[in-house]
Amino acid sequence: MTKRFTIGKNERLKSRKAIDLLFREGKRFTISPFRVFYCETGQVELLAGVGVGTKNFKKAVDRNRIKRQAREAWRLQKGQLKEQLIQNGKGLHVFFIFTEKSLPAYEQVFEAITIIIGKLKKLVEK
RNA sequence: GCUACAAGCCAGGCUAUCGUCCCGAUGAAAAUCGGGGAGGAAAGUCCGGACAGCACAGAGCAAAUGUACCGGUGAAGAGCCGGGUCCCGGUUGCAAAAUACCGGGAACAGAUAGUGCCACAGAAAAUAACUGUCCCGUCAAAAGCGGGAUGAGGGUGAAAACGUGGGGUAAGAGCCCACGGCGGUUGCUAGUAAUAGUAAUGGCGGGUAAACCUUGCAUGCUGAAAUGCCACAUAUAGUAUCGAUUGAGGGCGGCUCGUCCGAGAUCCGCCGAAAGGCGGACACGGUACAGGGUAGGCAGAUUGAUCCUGAUAGGUAACUACCGGGACAGAUAAAUGAUAGCCCACGACAGAAUCCGGCUUACCGGCUUGUAGCUUUU
RNA sequence: UGGGGGUUCGCCAAGUGGUAAGGCACCGGGUUUUGGUCCCGGCAUUCAGGGGUUCGAAUCCCUUACCCCCAG
């Protein structure tokens, strides 16, 4: 119960192969600053990753900041989605890509992740 | 105390909760506990290395690229320190082009090795020609014409054939002389040297080498996604060629020696009377090509020419030697974040990816030291 | 990580040391009853920014900024 807000090594999308597969064959949708790729898997797991393009943000500091904000928002809100997956016996790979060109506020990112998780929950339910 | 400049240092702090990467301990595991976790520029990639692979395992020449006052320093450099020469600015002073002091700058080898270029203007942009001046001839004389001498007088221009004065001459010219300027050669003195001073000698034919170039020196090429190992995986593995001697010729970073490959010939086997023709298999190993598979892990890889600091010694200094103390992240889709509170100067530029030494650029503000100026007090 | 190229008027661009071509667009005038077409004229004081070499830089050199491309 206390370890719900984690984002450790085994909860991140790490394999290059899995990411390539996700981009090639996964489904996708766009919600304000993010484009989301997702793909259901057989094992019970929930892996996530974040990316920011060099084209929109030239400075590494800005890219790191957005990735950290997105990861923080995901960490705090993914609990319910994971419980649902465990109940249904499904797994899910998710990848976020930031598409805006200006630096966002943290609240903006947090709200966007809330909406995305709501949508993912509906998709899992089907 | 204030202002300006230069150099160096710091780069918000603390507490709580949640979260993250690495290391250690406990544990069968899950996990828990403890410790550590971006910079002065981590950046640009402008230089120099370390390290690794390939080539050569050699020598010489050429090309290409870079570089260029001298000495030192350092692993090395286009870095740093010191010195020289030239240029610019300031101060003192009646006066500072050359001379005193202070500060700043310099891609400061060569223009008498050669080639090219120098718009417009100007007679002419480097060799002359044109115009002019003077002499002679022609002619009664002048002009004109012809022959000869001469070289800066010719409005320009960024730049005009060492400058000024005198002599000299038919007219002139460094043609000669005096003073001054510039650079060459030789000698002496000082200095490690660049160079400076001085004497003699023989000159004074613009600029541009960040135009080509010449001279000296340096450099093999490619970069950690390099590279090595293990596991998985095709495949009881496809094609070509090699694993005897000589050798036209060809390749090896361009060339030569050198070295490697090599049609053909020789050799062996078969056919054939001979000439000649065909073949040198399989297996194993090497090389090249085609196709297929894998794309996980470990090493490289984070302590090294290390950095900071104190004392001593050497040195003008950069720096060096030695002794003592302290510090140093290590991921592999990639770690430092979020929330709340308090304090203050209200927080800039900005995020490691193989590692070091420099340079350059970005930067809110604060502190220290030095120099100069102004003001106050003694 | 390593390498290559570019930046000239509002847009497309030429210009390889000597007054910065040209087209489109724009502005003014003419022709026409009006508009279009056509004709004439105008439009770069800073050639991405800074510094240097040169008598003289868009051009040569150094440096900074931005943009594009390539290899794996």
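Quick note on labels: first sequence line is chain A, next is B, and so on, each numbered from 1. All values below come from the heavy atoms of this structure, side chains included, with hydrogens, waters and symmetry mates left out.
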State, with a plain yes or no, whether a side-chain heavy atom of A:V36 is found less than 4.5 Å away from one of A:I31. no
Mind telling me if B:G220 is syn or anti? Syn here is a glycosidic angle within 90° of 0. anti
Can you run down the side chain to side chain donor-acceptor pair (under 3.5 Å) pairs that involve residues 103-120 of chain A, sequence neighbours left out, and say none if there aren't any? A:Q77-A:T114
With A:R63, which residues qualify under side-chain contact (heavy atoms from CB on, under 4.5 Å), at least two apart? A:V52, A:T54, A:F57, A:A60
When the distance from CZ of A:R63 to P of B:A38 is rounded to whole Å, what number comes out? 21 Å
When rounded to the nearest 0.5 angstrom, what is the spacing between CZ in A:F34 and CD1 in A:I97? 11.0 Å
Please enumerate all residues that pass side-chain contact (heavy atoms from CB on, under 4.5 Å) together with A:V50, with sequence neighbours excluded. A:K67, A:A70, A:F96
Syn or anti for B:A244? Use the chi torsion, O4'-C1'-N9-C4 for purines and O4'-C1'-N1-C2 for pyrimidines, with syn inside 90° of 0. anti
Distance, P atom - from B:U198 to B:U215, rounded to whole angstrom: 37 Å
Nucleotides 336-340 of chain B: which of its N/O atoms have a protein N/O under 3.5 Å away?
unit_1 : atom_1 : unit_2 : atom_2 : d
B:U336 : OP2    : A:R68  : NE     : 3.2
B:U336 : OP2    : A:R68  : NH2    : 3.1
B:G337 : N2     : A:R75  : NH2    : 3.4
B:A338 : OP1    : A:R65  : NH1    : 3.4
B:A338 : OP1    : A:R65  : NH2    : 3.1

Side chains of A:I116 and A:W74 in contact at under 4.5 Å (non-hydrogen atoms): no
Please measure how far the C1' atom in B:A199 lies from the corresponding atom in B:A78, and state the result in whole Å. 42 Å
B:U316: pairing nucleotide in any strand, Watson-Crick or G-U under 3.5 angstrom: none
Please classify B:G174 as syn or anti, treating any glycosidic angle within 90° of 0 as syn. syn
